[in-house]
Amino acid sequence: LDWEDTGTIPANSVKCFYSLTKNSKSEVILGNIWSFLTDPIIPLVKNSTIPLVTPSVFREKCPEEKSSNLFAVNEQVSD
């Protein structure tokens, strides 16, 4: 089990993603609780072979950015 801490800073999500995907043998990434921390890595996940499972509720823009390796455990909630 490898883990990274974003420190609740969205830019750190990208650094953590790269660390988990390039410096370890991660088979799956469990994402952040809040969508503002998950949103920055969605484009990276789309180009990765490693699945992301996240409890985040995605912003409206995310349905058009669906990926076969991006899984949300919550349903999208409308504002």
Side-chain angles (χ1 to χ4, degrees):
L1 175 65
D2 292 325
W3 64 275
E4 295 285 333
D5 182 7
T6 64
T8 320
I9 300 169
N12 286 352
S13 295
V14 173
K15 291 185 343 188
C16 292
F17 179 86
Y18 282 130
S19 176
L20 290 170
T21 58
K22 293 188 182 216
N23 298 332
S24 70
K25 296 179 181 179
S26 300
E27 293 182 21
V28 65
I29 295 176
L30 302 178
N32 291 291
I33 294 172
W34 297 305
S35 64
F36 78 96
L37 296 171
T38 302
D39 288 350
I41 65 170
I42 290 173
L44 305 175
V45 170
K46 287 173 53 177
N47 295 318
S48 172
T49 58
I50 300 172
L52 169 67
V53 178
T54 179
S56 294
V57 177
F58 298 114
R59 295 181 183 170
E60 278 184 358
K61 70 173 182 140
C62 293
E64 65 196 34
E65 295 193 50
K66 283 187 179 175
S67 171
S68 62
N69 58 347
L70 177 60
F71 303 92
V73 294
N74 285 339
E75 294 181 24
Q76 185 167 346
V77 178
S78 48
D79 293 330

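By convention here, the first residue in the shown sequence is residue 1.
Qualifying side-chain contact (heavy atoms from CB on, under 4.5 Å) partners for Asn32, counting only residues two or more places apart in sequence or in other chains: Thr6, Ser13, Leu37, Thr38. The side-chain contact (heavy atoms from CB on, under 4.5 Å) test applied to Val14 returns Tyr18, Pro40, Ile41, Leu44, not counting sequence neighbours.
Considering all non-hydrogen atoms of both residues, Pro51 and Glu27 come closest at CD-O, 3.2 Å.
Atoms OG1 and CD1, on Thr54 and Ile42 in that order, are 8.0 Å from each other to the nearest 0.5 Å. Distance check, rounded to the nearest 0.5 Å: CG of Asn12 to OG of Ser19 gives 11.0 Å.
At a threshold of 4.5 Å between non-hydrogen side-chain atoms, the residues Phe36 and Thr8 count as touching.
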